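Read through the structure below, which is laid out as structure tokens, and then see the notes.
Reckoned from all heavy atoms, side chains included, excluding hydrogens, waters and symmetry mates. It should be emphasised that the depicted structure is a prediction, and the values quoted were computed from it without experimental measurement. Chain identifiers are assigned alphabetically (A, B, ...) following the order of the sequence lines, protein sequences preceding nucleic acid strands; residue numbering begins at 1 within each chain.
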Number of protein chains: 2
Amino acid sequence: MRMHNPPHPGEIIKRLCLEPLGVSVTEAAQALGVSRKTLSSILNARASISPEMAVRLSIAFGTSAESWLNHQTQYDLWHAEQRRKLLRVSKLAG
Amino acid sequence: MRMHNPPHPGEIIKRLCLEPLGVSVTEAAQALGVSRKTLSSILNARASISPEMAVRLSIAFGTSAESWLNHQTQYDLWHAEQRRKLLRVSKLAG
DNA sequence: TAATTATGTAACGCAATAGGTTACAGTCAG
DNA sequence: CTGACTGTAACCTATTGCGTTACATAATTA
């Protein structure tokens with residue numbers, strides 16, 4: 001299990017994409033082709049990176065869509081692992 | 001962009017987990033703590049691996065939850081990439 | 001043969017979520 | 001002050017993960 005709470009992908013977008021380029025949330029939302037609300041929700045950790053959004057980010061920022069989805073996976077997984085003990089699952093192998 | 005259509009994670013569960021162990025869908029669903037329908041939907045590519053399900057699989061089969069989510073990511077991403085051209089997105093960098 | 005078991009799936013319901021629009025309040029630069 | 005940018009609330013829709021119940025079919029077993 002991962003030790004540290006991974007950052008929400010929205011923080012990464014802010015730090016690595018918007019701030020270095022000096023792009024506003026409004027501008028970025030327009031470029032990405034989504035509503036300002038949609039991007040804002042992601043930036044403020046209220047929504048996730050969907051596969052489609054990952055592709056949008058890859059086009060707008062020249063990054064790999066896979067890396068964005070992986071960030072989201074790490075984030076989701078960490079939170080799911082926190083509830084591991086609550087799941088009543090019996091071992092079949094391993 | 002990935003060249004070949006990645007298999008749905010359900011196929012991987014079937015081939016790598018259920019069949020080698022000779023476990024039935026009903027038995028596996030009970031062990032995983034989900035309904036038979038839920039597991040069947042995944043096995044027949046009608047539903048995805050949720051983060052919680054990935055943790056369940058990791059407990060039942062002694063695998064890593066991350067690998068299951070990654071399989072799902074690859075599958076989702078490939079389908080999202082197929083629609084890349086339909087997205088109206090403008091470049092901001094890269 | 002008759003009964004049981006396993007499987008897929010349809011029809012429901014529920015809760016969550018990704019997306020949209022509109023509208024409002026607050027901040028900040030000119 | 002004015003205008004731009006931002007967060008967010010309210011409301012809508014479509015989708016999805018999961019549950020239960022029920023049914024038809026196939027396969028196994030008594």
Inset, instruction - In whole angstrom, give the distance that lies between atom CG of B:Leu32 and atom P of D:dG17. - result: 16 Å
Inset, instruction - Measure the distance from CZ on A:Arg88 to P on D:dG19 and round it to the nearest whole Å. - result: 12 Å
Legend entry - A:Gln72 CD to B:Asp76 CG distance, which is reported to the nearest 0.5 Å: 11.5 Å
Legend entry - A:Glu27 side-chain N/O to A:Ser24 backbone N/O, donor-acceptor pair under 3.5 Å: yes
Legend entry - Length of the line joining A:Leu39:CG and D:dG7:C1', which is rounded to integer Å: 12 Å
Legend entry - Pairwise distance CG(B:Leu39) to CD1(B:Ile13) - rounded to 0.5 angstrom: 6.5 Å
Inset, instruction - Return the value, rounded to whole Å, for the distance between atom CG of B:Leu69 and atom P of D:dG17. - result: 12 Å
Legend entry - Contact under 4.0 Å: A:Ser41 side-chain N or O vs D:dG7 OP1/OP2: no
Inset, instruction - Describe the nucleic acid contact of A:Ser24 in one word from base, sugar-phosphate, nothing, applying a heavy-atom distance below 4.0 Å. - result: sugar-phosphate
Legend entry - Integer-rounded Å distance: D:dG17 C1' and B:Arg56 CZ: 11 Å
Legend entry - Donor + acceptor pair across side chains of B:Trp68, B:Ser58 (<3.5 Å): no
Legend entry - Rounded distance (Å) that lies between atom P of D:dT20 and atom CD of B:Gln30: 12 Å
Legend entry - Distance, nearest 0.5 Å, that separates OH of A:Tyr75 from CD of A:Glu11: 8.5 Å
Legend entry - Residues A:Ser40 and A:Arg46: side-chain donor-acceptor under 3.5 angstrom: no
Inset, instruction - Just call it for A:Arg46: base, sugar-phosphate, or nothing, with non-hydrogen atoms closer than 4.0 Å on any strand. - result: sugar-phosphate
Inset, instruction - Send over the distance from B:Met53 CE to D:dT16 C1', rounded to a whole Å. - result: 13 Å
Inset, instruction - Just call it for B:Ser50: base, sugar-phosphate, or nothing, with non-hydrogen atoms closer than 4.0 Å on any strand. - result: sugar-phosphate
Inset, instruction - May I ask you to verify if any side-chain N or O of A:Ser40 is less than 4.0 angstrom from the OP1 or OP2 atom of D:dG7? - result: yes
Legend entry - Nearest-neighbour nucleotide for the A:Asn44 side chain, D:dA22, D:dT8, D:dG19 considered: D:dT8
Inset, instruction - May I have the distance from B:Lys37 (atom NZ) to D:dC23 (atom C1'), rounded to whole angstrom? - result: 15 Å
Legend entry - A:Thr38 and A:Ser35: side chain donor to acceptor below 3.5 Å: yes
Inset, instruction - Return the 5'-most residue of the pair B:Arg36, A:Glu27 with respect to DNA chain D, ranking by each residue's nearest nucleotide. - result: A:Glu27
Legend entry - DNA chain C: 5'-most and 3'-most nucleotides touching chain A, 4.0 angstrom heavy-atom criterion: C:dA18 to C:dA23
